[in-house]
Structure formats: C-alpha cells, structure tokens
Amino acid sequence: MEGDELQKPNGLPVETLDMIAQKKHAAMLERLSNNHQSRLQQSAARRTAADFSSPSFESVQSFLSLFSDAKRSVEADLHRCRAIAAADPKAKSQIKLELDKVSESISDLEKIVSEHSYFLPPYEVRSSLKTIEELKEMVESANAEIAPRKKFTFKSKASSKKEPAALAKESEQFITVSNAASQNISLSDSPGFRNKQGEILIKRFRVSESEGDFSIVDLDSCDVYLKGRFRALFIHRLRNCRIFTGPVLGSILIEDVNNCLFMLASHQIRIHQARECDFYLRVRSRPIIEDCSGLRFAPYRLLYEGIDKDLSDSGLEEETRNWANVDDFRWLRAVQSPNWCLIPEEEFVAVRNISELEEKSGDT
C-alpha cells in the first residue's frame, strides 16, 4: 500500500531491521577485538615470564644489584655493632645478638648465591663467594675485638646446610687453590725445572715423591716429560714449550704461557694469561681460564708403562670429558667465549708414548 512503510514477513520495518543488524555487527566486531586484545596480552605475559626466567644479562644485573645491596646492609650492621661497643663496652649481650643477626644475614646471602648460580657467569659466582668469605672474616674479626671471651660461630639455617650448586662448589674450590698458590706456596722452594732453553727435561716420580709439589718456571723452547704421580704442579712463564705429565693428585696452576702444548691429567686445572696454546687434558672438574686467548682443548693422549695404575690411584681413571667444558671467568655473556675452542679430531697430535725416555737430572 502507498504511504505505508515496507515491512518484512516478520512484521518489522526495514529500517528497524537494519539498525538491529548494525548493532549485531558492531557487537561482533567488539567481541573479535576483545578476543584479539586478550590473546595479545597473554602472549606478552608469556614473553615476560620467559624473559624473567631466562639467564639474560638483565637478570644477572638484577642479581648483582640485589647482592650489592645485601653486602652494604651487612657492612652497615657491622659498623653499628662497633658503634654500640664504643658507646657501651659492657653491652656484650646486645652486641652478641647483633653479631648473630649479621651471621644469619651472611648465611642468607650465601643461599642467594647458591640459588642463582645456575644462570650466573662463573666469574660472578666466584666473586660472590669470595665476597661472602671476606664478610665472614670481618664478622669474626669484629667478634674478636668486641666480645673475645665467647667463641663465635656462624649459624646456618637448615636450607643453607645443603650442598651448593655444582658450579658454586667448583668455584669455591678454585678460590682455595688460587689463594694457596699465590700466598702460601713459594715456587722457588719446591723442586722443579727452571731457567732452561732448548732442552729436553725428564723426571720420574717415585712413590716417596708422590706427596710433593713440582714447578716448571722460565723455560723457552723446552720439552718436559714428567712420569709418575705427584701432588701439585705450578707452571710459570713458558715460551714455545711442550709439557707432558702423568696424573697430578691435586691441582695444576698455569700462568703466563705462550705458544705451548700441554698434555696434563689432574683433579683441578686453572689457567691464567695463556696465549695460543693447546691443552690435552684428563680432568675431574671443569678447567678454568682467565685473561686468555687462542686456547684449544682436546682429550689426554699420553702413555707410559704404569700410567693406567697411576691414573687409577689418583682417581683419574674415568674420562669425564670435562676437557670440553671450559669456564672462562672473564667472559660474562651467555654465548660461547671467543677465547677457547675444541681441537678438531683430525688435528689431534699423535698419542705420545714416553715409556722409553730416561730421567735427566735438570735442577730438581
């Protein structure tokens, strides 16, 4: 009919139906937009969680900031204990309580290092452990000054009695090795080869010498062969040398060597300031390098009559493949250090059999 609005079979005007359709369409678009925004937010949340849990440089920096704040807090507490003692020398019971709190704070700090050691660079683990040891010494010193009559001991929480992470434990062991080498051992006092050039130097360690130390110092263009087992080896200032040794019961410390080849077996090996050197190792813990470049690593390839027994008696009969797990204490990034690599198998030197070599006296 003329003048009447056009109607659909359901009886509603066309304009009304258009408005309803437009509203439904807008609502659908809004739902799609909300769903998309929700997915974006969930994705962002997953990325944030992944970044937080990853061993990124930012997370390392967060740990270092936390550790630094905790260290300053402990130092401030120690200062306050000394201030209390200066103001009232008779307040020993109060001071003792304060020192106990400080020791608990240090135990907490040690726990933090242990819990975070899985993503920390080895250098930071070692540095943190060293700082903790220094703080403990400061507390012991303060206790000796303030309350000398009572023996002070650190109280550890149950959780801190657990063994630390493997990397932290290794780092702590090497701190001990380094301190012993630099403070308690004089290289000039131990037997060894020194100040030689262009010589072949051979020594066979007898059973009676197995508890001794040995030093190799200031050699140029020499070949050194050490058969048998002994306690510790110190290597310093070598140029263009080749060093072949039987098992070392304890540790090997190497410093300032250039263009050398080493074939060594030991429980611990630490290398400082080495340049362009090849290492063929049998080692129980991860080798550690510092301030080095151009180093290459491969498995131990030395033979002599009785070496299997020497390795077994030294606890080195098992091939751990730690020669391929090198820690560079000066490389803080998560990617491979540029200062060392593995020697391709086709470039391995031949197995070295030194059974027939006879001992030369040198200056041991």
Side-chain angles (χ1 to χ4, degrees), residues 181 187-188 190-206 209-210 212-266 269-283 287 289 292-308 310-311 314 316 323 340 342-364:
L187 297 183
S188 61
S190 64
F193 295 132
R194 296 173 177 81
N195 303 308
K196 304 290 183 182
Q197 183 171 4
E199 296 190 26
I200 297 175
L201 306 167
I202 306 166
K203 178 172 176 58
R204 171 74 193 191
F205 289 88
R206 297 164 182 83
E209 298 175 300
S210 63
D213 303 334
F214 199 81
S215 299
I216 303 175
V217 184
D218 290 319
L219 304 188
D220 187 355
S221 305
C222 293
D223 287 355
V224 177
Y225 301 92
L226 305 179
K227 295 192 287 185
R229 58 194 184 97
F230 52 104
R231 187 178 67 181
L233 176 63
F234 304 95
I235 298 173
H236 193 46
R237 290 195 302 269
L238 304 190
R239 303 292 182 269
N240 310 307
C241 293
R242 298 189 302 172
I243 312 297
F244 305 88
T245 79
V248 176
L249 299 170
S251 61
I252 297 176
L253 178 63
I254 301 171
E255 293 183 329
D256 190 10
V257 295
N258 287 344
N259 195 32
C260 295
L261 182 148
F262 297 91
M263 203 169 283
L264 312 168
S266 178
I269 296 176
R270 186 162 184 168
I271 305 163
H272 297 261
Q273 298 175 334
R275 304 285 183 271
E276 307 301 326
C277 295
D278 285 354
F279 293 85
Y280 291 81
L281 306 180
R282 171 78 63 87
V283 59
I289 66 174
C292 298
S293 64
L295 306 191
R296 305 195 306 167
F297 293 83
Y300 192 57
R301 298 173 67 78
L302 186 68
L303 287 178
Y304 60 80
E305 185 177 353
I307 190 172
D308 289 339
D310 285 343
L311 288 169
S314 303
L316 293 167
W323 54 268
W340 70 274
L342 302 182
I343 302 176
E345 189 171 351
E346 62 271 17
E347 295 182 24
F348 285 1
V349 298
V351 174
R352 190 73 172 186
N353 192 331
I354 62 173
S355 298
E356 303 302 320
L357 294 176
E358 295 185 3
E359 183 172 347
K360 295 186 178 182
S361 61
D363 59 355
T364 63

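- Between Phe297 and Trp340, the two ring planes are perpendicular [angle over 60°; tilted spans 30° to 60°].
- When every heavy atom of Ser314 is checked against every heavy atom of Leu249, the shortest pair comes out as OG-CD2, 3.3 Å.
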*Test side chain to side chain contact (heavy atoms under 4.5 Å, CB included) on Phe193 and Lys203 and set out the steps.*
CA-CA 10 Å; Phe193 295 132; Lys203 178 172 176 58; 4.1 Å; yes

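- The OG atom of Ser266 lies 13.0 Å from the CZ atom of Arg229; values are rounded to the nearest 0.5 Å.
- Val283 has its side chain out of reach of Tyr300: every pair of non-hydrogen atoms, C-beta onward, lies at least 4.5 Å apart.
- Within the 4.5 Å cutoff, no side-chain heavy atoms of Phe262 are placed close to those of Ile271.
- Using a 4.5 Å cut-off on side-chain heavy atoms (C-beta onward), Leu281 and Pro287 make contact.
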*Apply the test salt bridge (Lys or Arg N to Asp or Glu O under 4.0 Å) to residues Arg242 and Asp223: give CA-CA distance (whole Å), side-chain angles for both, the deciding distance (0.1 Å), then the verdict.*
CA-CA 5 Å; Arg242 298 189 302 172; Asp223 287 355; 2.6 Å; yes

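- Taking a cutoff of 4.0 Å between a charged side-chain nitrogen and a carboxylate oxygen, Arg239 and Asp220 do not qualify as a salt bridge.
- Side-chain contact between Ile216 and Leu201: absent, with no pair of heavy atoms (C-beta onward) separated by less than 4.5 Å.
- Of all non-hydrogen atoms in Ile343 and Ala298, the two that sit nearest each other are CD1-CB, 3.9 Å.
- Counting heavy atoms from C-beta on, the side chains of Val217 and Phe234 never come closer than 4.5 Å.
- Contact of the Met263 side chain with the Val349 side chain is registered, since non-hydrogen atoms from C-beta on lie closer than 4.5 Å.
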_CA sep, side-chain torsions, deciding dist, call: Leu219, Glu199, side chain to side chain contact (heavy atoms under 4.5 Å, CB included)_ = CA-CA 9 Å; Leu219 304 188; Glu199 296 190 26; over 6 Å; no

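- Taking 4.5 Å as the limit, every side-chain heavy atom of His236 sits out of range of all side-chain heavy atoms of Asp218.
- Residues Ser355 and Tyr304 share a closest heavy-atom pair of OG-CA, 3.0 Å.
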*Could you walk me through whether Arg296 and Asp278 pass salt bridge (Lys or Arg N to Asp or Glu O under 4.0 Å), step by step?*
CA-CA 5 Å; Arg296 305 195 306 167; Asp278 285 354; 3.0 Å; yes

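- Here the closest non-hydrogen pair linking Cys222 and Gly198 is SG-N, 3.6 Å.
- A distance of 11.0 Å separates OG in Ser293 from CD in Gln273, rounded to the nearest 0.5 Å.
- Interatomic distance, CG of Leu302 versus CD1 of Ile307, reported as 4.5 Å (0.5 Å rounding).
- Across all their heavy atoms, Leu295 and Arg275 have their closest contact at CD2-N, 4.2 Å.
- Between the side chains of Arg352 and Tyr280, no donor-acceptor pair is found at a separation under 3.5 Å.
- To the nearest 0.5 Å, the span separating CD1 on Ile235 from CZ on Phe214 amounts to 10.0 Å.
- Taking CG of Asn353 as the reference point, atom CD of Glu305 lies at 9.5 Å (rounded to 0.5 Å).
- Side chain of Thr245 to main chain of Leu264: no donor-acceptor pair is present (N/O by atom type, distance under 3.5 Å, no hydrogens or angles).
- Residues Val248 and Ser251 share a closest heavy-atom pair of CG1-O, 3.6 Å.
- By the 30° and 60° cut-offs, the orientation of the rings of Phe205 relative to Phe230 is parallel.
- At least one donor-acceptor pair closer than 3.5 Å links the side chain of Lys227 to the backbone N or O of Leu357.
- Summarising the geometry, atom CD1 belonging to Ile289 is positioned 8.5 Å from atom CZ belonging to Phe279; distances are rounded to the nearest 0.5 Å.
- More than 12 heavy atoms of other residues, nucleotides or ligands shown are found within 6.0 angstrom of CD on Glu347.
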